[in-house]
Structure formats: C-alpha cells, structure tokens
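Excluded from the calculations below are hydrogen atoms, water molecules and symmetry mates; all remaining heavy atoms, backbone and side chain alike, are included.
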Amino acid sequence: MQISDIAFGTTDWASVEKTEHKGETGSATWQTRRFGDIRVRMVEYTPGYLADHWCVKGHILLCLEGELTTELEDGRVFVLKPGMTYQVADKAEPHRSSTAIGAKLYIVD
C-alpha cells in the first residue's frame, strides 16, 4: 500500500454517515471514509450476520468488539476477538464473515 497525498486529519466517527448492507442473514452498518484509493470503515455486524458473498478484496481488519468468524473458501476458519487482526491481499484467498453475537470492526482496504 502506498499512502500519499493525504493531509493530516482526524475522523469523528460519530459524525460519519451510516449505511446498511444486508447479509444472507443479518446486516452490516458501515461508516466509510475515503482517502485517495484507500477506504477506511467502521463496520458493525448484527448478531446472526452471515455475508452473502465470498469476498476477494484485500483488507486489514481489527476486531474492536464482539467476535468475528472468517471462513476461507478452502475451508479454514478463523475467529477474531477484540484486539485481534487479520490481513489478506486482493484476490488472494476468498473469504466471508459471520458472527453469532455481533461484532464491531475497523477495516482498511
């Protein structure tokens, strides 16, 4: 990732618009900022959320609250708890997320 042409700034996430994205079950609420080609999101998944697709976008993801289960298309499963991260490259390993109890994430992609 090359970070360039972004002036110093702060984000008050309480003032960033929320958008809802339905999953196969449950939903996700996104708050999104863009800095050039970099997208930064605060994402909250409802309890019982299951993604409706296999994602091939690369991310760096930090679990802030709750618990997130990430399944890779090859069958491996990883569970993130608060303070844990994962990272994956674009088009590297298709993955999808779910959560039984809900989760709040900070995602850079």
Side-chain angles (χ1 to χ4, degrees):
M1 173 186 329
Q2 178 67 36
I3 301 175
S4 58
D5 300 321
I6 300 173
F8 180 85
T10 62
T11 299
D12 176 2
W13 288 99
S15 67
V16 176
E17 178 185 0
K18 294 181 178 184
T19 59
E20 185 177 11
H21 303 263
K22 297 286 186 185
E24 188 171 305
T25 59
S27 65
T29 301
W30 294 11
Q31 293 171 278
T32 306
R33 296 281 320 268
R34 289 200 172 268
F35 305 97
D37 291 337
I38 300 169
R39 179 175 67 172
V40 179
R41 296 178 288 157
M42 194 73 69
V43 175
E44 290 189 58
Y45 292 126
T46 60
Y49 174 82
L50 172 62
D52 63 354
H53 66 284
W54 289 96
C55 181
V56 295
K57 178 73 180 129
H59 315 284
I60 298 172
L61 182 150
L62 168 63
C63 182
L64 298 169
E65 298 174 7
E67 185 174 283
L68 181 76
T69 300
T70 300
E71 176 186 5
L72 302 186
E73 196 172 42
D74 68 11
R76 291 179 288 159
V77 175
F78 300 89
V79 176
L80 269 63
K81 297 182 181 199
M84 295 177 70
T85 63
Y86 81 64
Q87 52 285 325
V88 63
D90 288 325
K91 302 175 187 168
E93 296 173 284
H95 51 281
R96 71 176 173 180
S97 296
S98 64
T99 177
I101 65 171
K104 184 174 184 177
L105 313 168
Y106 183 78
I107 305 171
V108 178
D109 51 25

Only one of H53, E71, E73 forms a side chain to side chain donor-acceptor pair (under 3.5 Å) with R96, so which one is it?
->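 With R96 as partner, side chain to side chain donor-acceptor pair (under 3.5 Å) holds for just one option, E71.
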
N-O pairing of E20 and K22 below 4.0 Å | yes

Distance from T70 atom OG1 to Y86 atom OH, nearest 0.5 Å?
-> 4.5 Å

Hey, what do you get for CD1 (I60) to OH (Y106), rounding to the nearest 0.5 Å?
->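 Between I60 CD1 and Y106 OH, I get 10.5 Å after rounding to 0.5 Å.
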
In terms of side-chain heavy atoms, does H21 have a donor or acceptor partner in T19 at a distance below 3.5 Å?
-> yes

What do the steps show when you test W13 against V40 for side chain to side chain contact (heavy atoms under 4.5 Å, CB included), and what is the final call?
-> CA-CA 11 Å; W13 288 99; V40 179; 3.9 Å; yes

Decide yes or no on side chain to side chain contact (heavy atoms under 4.5 Å, CB included) for L61 and L68, but give the supporting numbers first.
-> CA-CA 11 Å; L61 182 150; L68 181 76; 4.1 Å; yes

Side chain to side chain contact (heavy atoms under 4.5 Å, CB included) assessment of Y45 paired with L105 = CA-CA 8 Å; Y45 292 126; L105 313 168; 3.2 Å; yes

Heavy atoms only: give me the nearest Y49-G26 pair and the separation to one decimal.
->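 Between these two residues, the closest heavy atoms are CD1-C, 3.9 Å.
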
For K57 and H95, which heavy atoms make the closest approach, and how far apart are they?
->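 Smallest interatomic distance, heavy atoms only, reads O-CE1, 3.3 Å.
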
Which one of T99, L50, V79 satisfies the side chain to side chain contact (heavy atoms under 4.5 Å, CB included) criterion with T69?
->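 Filter result, single survivor: V79.
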
Does G48 offer a backbone N or O that forms a donor-acceptor pair with the side chain of T25 under 3.5 Å?
->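 Yes; judged by distance alone, with no hydrogens or angles, the pair exists.
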
Begin with the C-alpha distance, continue with both residues' side-chain angles, and end with the deciding distance and a verdict on side chain to side chain contact (heavy atoms under 4.5 Å, CB included) for M42 and V16.
-> CA-CA 9 Å; M42 194 73 69; V16 176; over 6 Å; no

Is there side-chain contact between P47 and I101, with at least one heavy-atom pair below 4.5 Å?
->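 P47 vs I101: side chains apart.
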
Residue pairs fulfilling salt bridge (Lys or Arg N to Asp or Glu O under 4.0 Å) with at least one residue in residues 23-35, sequence neighbours excluded = none

Could you tell me whether D74 atom CG has more than 12 heavy atoms of other residues or ligands within 6.0 Å of it?
-> yes

